[in-house]
Amino acid sequence: MNELTLPIRNLLGRPTRTALTTAGIAVAIAGFVSLTGLTSGVRHSLSAGIEEPGADLVVSQRGAFSLIASTVPETLGPVLSAVDGVDAVSGAVLNLTTADDAANILVAAWPERSFLWRSVNLVDGRLPAAGEEWSVVLGESIAEGLGKKVGDTIELQFQPYEIVGIAAFTSTFNQNIAIVPLKGMQELLGRDGIVTLYQVRLARPLDSDRIAEVKRRLVEAAPGYHVSNTEDLAGDIRLLNLIQSIASTVSLVVLAMACLGIANTLLMAVSERTVEIGILSAIGWAPARIMRLIVIEGLVMSLIGGVIGVGLGAITMELVTRTEIAAGILRPYLTTTLVAQALVAVLIAGPLAALYPAWHATRLVPADALRTN
Amino acid sequence: MPRPDESPKPLIELDHVHREFDGGRIVAVDDVSLSVVAGETVAIVGRSGSGKSTLLNLVCGLDLPTRGAVRFAGRSIAGRAAWATIRAEHFGFVFQNFCLIPTLNVRENVEVAMLGRGSDGRRRGERVDSLLGRLGLAGRSHLHPTSLSGGERQRLAIARALANNPDVLVADEPTGSLDRDSSDQVMEIIAELHRDFGTAIVIVTHDREVAAVCHRHIELADGRVVRNHAASADGAADARRTQAPSSP
């Protein structure tokens, strides 16, 4: 017998109530994990996707609500190219549209001579030839998902494109992207002379000091624009920050509801076990020890609920990313940091919720408690 | 039961103790002063509602007095935490309704009293084995209280009460729920404890036969001590102090 024997027996003695309370915590944690994980997944995926073709820095509209809404005039390109330490720049238009009016797809439009094309690892077909405005290279995953192969046609932005190549990427973002020539897409979107952002490749060799120095020069050369490292780019997109805030708020509310569930369950348990608490007090258990007993019950339920919740959250993320509307845009992103955050949240929330019932238990006068027997 | 040797110092002292309920409308214990010395056996007797159980609760800190002081070994004890420590170290309890924990088995019901004192597992195990063997429950150690007879439950309650080698065994109608045979058996065990270990016993009882084995009888009526006398061979009252306790 040890300190955990009584709390565990008490929890097992009321299996339905324990299971329901634990399920409440699990759902709360699953909500936190999936919402936070998916939001982080978008950020991470975006950063990795921008970085993969070889860009070191990104110049975009300052404070753009969403990345797609960012507008940068193409006249900025030569200005950026002239900055000392810059190897190459490439404008890019990013747009979210539907493929064949069925699945969501992210389209990246690159200029004909962009350095970005050099990073495309074709597994089939070829790159668009000069002047082939209505040809497209699909990421391997989206091609597989849509059942498309080289030679097929795909409708993007209500324009039929011929699939000329299939490419493999390491980032999920690019695996689900459609890459098209810039001019045609600008025409379709009515954005002549405007790109979403500029991707900047710096001259090698590179170190962090060098990157910082060139970044400073770019800021000077392009006042009023946002110059960021690829990993920081997502942090400046207000839409993602807004989604992150909503996810955090929803998670907190759900977690608070789960805490109330724990408190309610333990308060009922304390009320039902008045005699037992009286007995423990009579045989010399100090109030602090009795309090610990109740807190441990809260902690055990929270911890089990937390572990189940993390698993449930991971499954939820996986299922959400497989839905038609989210495929290719959202991706599961379960990190050890996120798991640790979830478990720390329950390890704090559970005992916190148990404090009032535990305190209530210690207020019982042993004689009164035993009299109810 | 044999009388205690010489005249030891008071172990428990109640000094003008009052216990009122419902804002003073009910006076359960009214200005009671008494003392219990180490190794003494005391029966608290009286009619139903006379305040016997309330007095017993005050003796061991299960309840706190509205007014007056309760001292243990000369030290005034106030507050639940202080009383919990005193109870863990010096008191054992036996109740009419056994007060066992249904989710724990026989063995754990004994051990739980020692857990409160933070004893190590090996020592607890040895002590539990010894107590269950002595009280004839060795073969029942993995059963739960609901599987035991009334007599067995009370023996289990006694085993738990003795787990920490108490100086005082407090018993509230310990035979009240038992048949005569079980009742005799339980009282024989309690008498043995007193004889073998010199444990002081304070018993609340209606049962004259149970009271008869005690050195001293304290009789209550309407919350007041009306008689506090030593039981003698011819049954004559040997008056003892009923007001302020002597200094420790």
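Naming: A, B, ... by sequence-line order, numbering from 1 per chain.
- In terms of modelled atom types and a separation under 3.5 Å, the side chain of A/Trp285 and the main chain of B/Val112 share a donor-acceptor contact.
- When all heavy atoms are compared, the tightest approach of A/Pro287 to B/Ala81 is CD-CA, 3.8 Å.
- Without hydrogens or angle criteria, B/Arg87 side chain to A/Ser281 main chain gives a donor-acceptor distance under 3.5 Å.
- Heavy atoms closer than 4.5 Å to chain A are found nowhere in B/Phe91, neither backbone nor side chain.
- Although no hydrogens or angles enter the test, the distance criterion places a donor-acceptor pair under 3.5 Å between the side chain of A/Arg289 and the main chain of B/Leu115.
- There is no contact between A/Ile290 and chain B, counting heavy-atom distances below 4.5 Å.
- Here the CZ-CD1 distance, from A/Arg273 to B/Ile101, works out to 9.5 Å after rounding to the nearest 0.5 Å.
- Rounded to the nearest 0.5 Å, atoms CZ (B/Arg80) and CG (A/Leu364) are 8.0 Å apart.
- At most 12 non-hydrogen atoms from other residues, nucleotides or ligands lie less than 6.0 angstrom from CG of B/Asp222.
- When each of B/Leu104, B/Asp172, B/Thr85 is checked for heavy-atom pairs under 4.5 Å with chain A, B/Leu104 comes out on top.
- Taking all atoms of both residues into account, the shortest heavy-atom contact from A/Ile279 to B/Cys99 is CD1-O, 3.2 Å.
- Neither the backbone nor the side chain of A/Arg292 comes within contact range of chain B; no heavy atom of the residue lies under 4.5 Å from a heavy atom of that chain.
- Here the CE-CG distance, from A/Met1 to B/Asn109, works out to 7.5 Å after rounding to the nearest 0.5 Å.
- Of the possible donor and acceptor atoms, none in the side chain of B/Arg160 sits under 3.5 Å from a partner among the backbone N and O of A/Ile283.
- Proximity to chain B at a heavy-atom threshold of 4.5 Å picks out A/Thr5, A/Leu6, A/Arg9, A/Asn10 from residues 5-25 of chain A, in numerical order.
- By a heavy-atom distance cut of under 4.5 Å, not one residue of residues 254-270 of chain A is near chain B.
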